[in-house]
Amino acid sequence: LRRAVMALEKAVQTRDLRWISRVVRQIGAIRAAVCRDELVSVAGDALIAGSDSLNALRAALEAVPSSYQPAAKHAPQLKQVEEEQQQQQQQVTTAVAGAAAMDTREEEGAEDGAASSANKVTPAEPTQLTPSALPEVAAYLQLLAVCMLIDSKQFEVAVDYSTQVVRVAEGINRRTLDEIRSRLYFFYARAHELVGRSKVIRSTLLSAYRTAVLHHDHTGQATQLNALLRSYVNANLYDQADKLVSKTQFPETRSNNQLARYLYYLGRIRAVQLDYSESFTCLEQALRKAPQSGALGFRTLVQKLIVIVQLLTGEVPGREVFRQPKMVSALAPYFEITKAVRAGDLEAFSSVVRTSESAFVRDGTMTLVGRLRQNVIKAGMRKINVCYSKISIEDVCARLKLDSPQDAEFVIAKSIRDGVIDAVLNHEGGYVSSNEFFDSYATVEPSNAFHNRIAFCLNIYNDAVCAMRFPDKQDDLENAKAHRERLKEEQELAQTLADEDDDEDDDGF
């Protein structure tokens, strides 16, 4: 934590926004390793004694129980950070040892002393922190304090303290504070969500989003837009969420994590609006953009929604989807739903819905699961159409387990009208006869499949091009302009010298 604070101070002084972003990304690892006393100690060394920020931080952390221990859920990240720091220390040690060895070769008679000093070289300890008045350092430590309050389940204190911190941060107009401010808004919204008050902060988030757009703060735009969409989606306000999406534009220069969240919320909105193709595309991109080594909960939630949306589009997910590591138990109810839809068994579908209703409600997919009933009936009709060239309506009703033959007749007529089956319904005879099947390769289905694959590849190519970094054109223009001015000055100087030489020649003449 001390090294992170010192790195943040140096990055702010040099205005290195990339290094600030790198320091902020290590919050997850530091959050899992720092306890309350350590945070208070570092804050006391890094902030000015008696300042309002230091006093408020100490008062807020008093609510954290003394028995609180940070969770080890970020242990892999912490291990990676420690390994990087050890490598840097080893490089410093090797350089010092090499310099000592060179001194021993240069100075005669000092071999033993130099060798002993080289053997006793130890990694340099981090220097002591000096009190700083930088708002970035205060905001960084306040962010860690809010995270600690949330982790220790002190939600009310986290709400009050995060509100106080956000009010102070939104009044400071510094580009070096944008990355930390966006994280503050994220945990500010999270704390209010945990106490069920996300509705009261929507106006604050909208105002913060407007300010971020005016300041060209792309990180803040992405974070606050996702926080607003999350608030609307959790409250089932899909119309308002759709209006927000239509009136805003997601920034291009953003992190993949924020883009994955945005695509997930957009996929949920489109699924509720019956636009299953667009929803499936957004959810697939969200799953691809999500971190593959972590974020298991997010990837599992996205995968559950993908399964339901894919079933609603008329396709059946592959069995390998349900065999992914660490997702088998979570996807078990959705595997049973998939088997019922694939078999067209309405009774098995109803049984699975009754058994796993609590899981579907918890995942927020119960509404979409209820729409699958028509897909189960369509799958059953398609199976019957393949197996029988002619079958009575009463047998269809018995096989699909419908309430009455009249319902079965309506279902058959709707399936024929929607193109699910190619058959003829004879109302007077009370039967349905299937027509001859046609070769699918004579239709437009193969071209549509190739079109989808080509569009997917082009999308990956466009994302790769957008992710590439190029030199700033403004810098090139400035360099060219400076070069032209230097050439012009040199030409003027040469002309002046030539004129002076001519004048001297004239005077001598």
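Sequential numbering from 1 along the given sequence is applied to the chain's residues.
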Measure the spacing between [atom1] of [X] and [atom2] of [Y] and express it to the nearest 0.5 Å.
| X | Y | atom1 | atom2 | value |
| --- | --- | --- | --- | --- |
| L177 | D217 | CG | CG | 9.5 Å |
| L283 | Q310 | CG | CD | 10.5 Å |
| D275 | E278 | CG | CD | 5.5 Å |
| L263 | R268 | CG | CZ | 14.5 Å |
| L61 | R58 | CG | CZ | 10.0 Å |
| Y264 | L287 | OH | CG | 12.0 Å |

Does the side chain of [X] reach to within under 4.5 Å of the side chain of [Y], using non-hydrogen atoms?
| X | Y | result |
| --- | --- | --- |
| T338 | P317 | yes |
| F298 | P291 | no |
| M327 | L296 | yes |
| V352 | P333 | no |
| T367 | V272 | no |
| Y140 | I30 | yes |
| F250 | V245 | no |
| I180 | V23 | no |

Could I get the full list of side-chain hydrogen bond (donor to acceptor under 3.5 Å, both in side chains) partners for [X], not counting sequence neighbours?
| X | result |
| --- | --- |
| Y232 | none |
| Y276 | R371 |
| Q221 | none |
| Q303 | Q324 |

If you compare all heavy atoms of [X] against all heavy atoms of [Y], which two are closest, and at what distance to 0.1 Å?
| X | Y | answer |
| --- | --- | --- |
| L57 | A43 | CD2-CB, 3.9 Å |
| A340 | V376 | O-CG1, 4.2 Å |
| Q142 | S53 | NE2-CB, 3.4 Å |
| F349 | V369 | CZ-O, 3.4 Å |
| Q258 | A222 | OE1-O, 3.7 Å |
| I201 | A189 | CD1-CA, 3.6 Å |

Show every donor-acceptor pair shorter than 3.5 Å between a side-chain atom in residues 156-163 and any protein atom, with sequence neighbours excluded, or say none if there are none.
residue, atom, partner, partner atom, Å
E156, OE1, R197, NH2, 3.0
E156, OE2, R197, NH2, 3.0
S162, OG, A158, O, 2.7
S162, OG, V159, O, 3.1
T163, OG1, V159, O, 2.6

Could you check whether any side-chain N or O of [X] sits under 3.5 Å from a backbone N or O of [Y], counting only pairs where one atom can act as donor and the other as acceptor?
| X | Y | value |
| --- | --- | --- |
| T223 | G220 | no |
| R261 | A227 | no |
| H216 | A212 | no |
| E38 | C35 | yes |
| N256 | A290 | no |
| N459 | A455 | no |

ask   = What residues form a side-chain contact (heavy atoms from CB on, under 4.5 Å) with N448, not counting sequence neighbours?
value = V444
query = side-chain contact (heavy atoms from CB on, under 4.5 Å) with A59: which residues, sequence neighbours excluded?
reply = none
ask   = Is R270 paired with D242 through a side-chain N to carboxylate O contact shorter than 4.0 Å?
value = yes
CA sep, side-chain torsions, deciding dist, call: L311, R342, side chain to side chain contact (heavy atoms under 4.5 Å, CB included) = CA-CA 9 Å; L311 289 174; R342 183 175 182 275; over 6 Å; no
For [X], I'd like to know if atom [atom1] has over 12 heavy atoms of other residues, nucleotides or ligands within 6.0 Å.
| X | atom1 | result |
| --- | --- | --- |
| H451 | NE2 | no |
| R175 | CZ | yes |
| Q273 | CD | yes |
| R288 | CZ | yes |
| Q292 | CD | yes |

query = Could you walk me through whether L368 and L372 pass the side chain to side chain contact (heavy atoms under 4.5 Å, CB included) check?
reply = CA-CA 7 Å; L368 299 177; L372 286 174; over 6 Å; no
Salt bridge (Lys or Arg N to Asp or Glu O under 4.0 Å) contacts in which one or both residues fall within [range], not counting sequence neighbours:
| range | value |
| --- | --- |
| residues 293-304 | K304-D363 |
| residues 308-326 | none |
| residues 218-236 | E193-R230 |

request  = Might you work through the salt bridge (charged side-chain N to carboxylate O under 4.0 Å, His left out) test for R174 and E136, ending with a clear yes or no?
outcome  = CA-CA 9 Å; R174 291 167 64 100; E136 291 82 3; 2.7 Å; yes
Kindly list each side-chain donor-acceptor pair under 3.5 angstrom involving residues 202-210, sequence neighbours excluded, with atom names and distances?
residue, atom, partner, partner atom, Å
R202, NE, S231, OG, 2.8
R202, NH2, S231, OG, 3.4

Side chain to side chain contact (heavy atoms under 4.5 Å, CB included) assessment of L274 paired with L312 = CA-CA 9 Å; L274 306 179; L312 288 170; over 6 Å; no
message = Pair V307, V321 - check side chain to side chain contact (heavy atoms under 4.5 Å, CB included), show working.
response = CA-CA 9 Å; V307 171; V321 173; 4.2 Å; yes
Side-chain donor-acceptor pairs under 3.5 Å in residues 354-361, sequence neighbours left out?
residue, atom, partner, partner atom, Å
T355, OG1, S351, O, 2.8

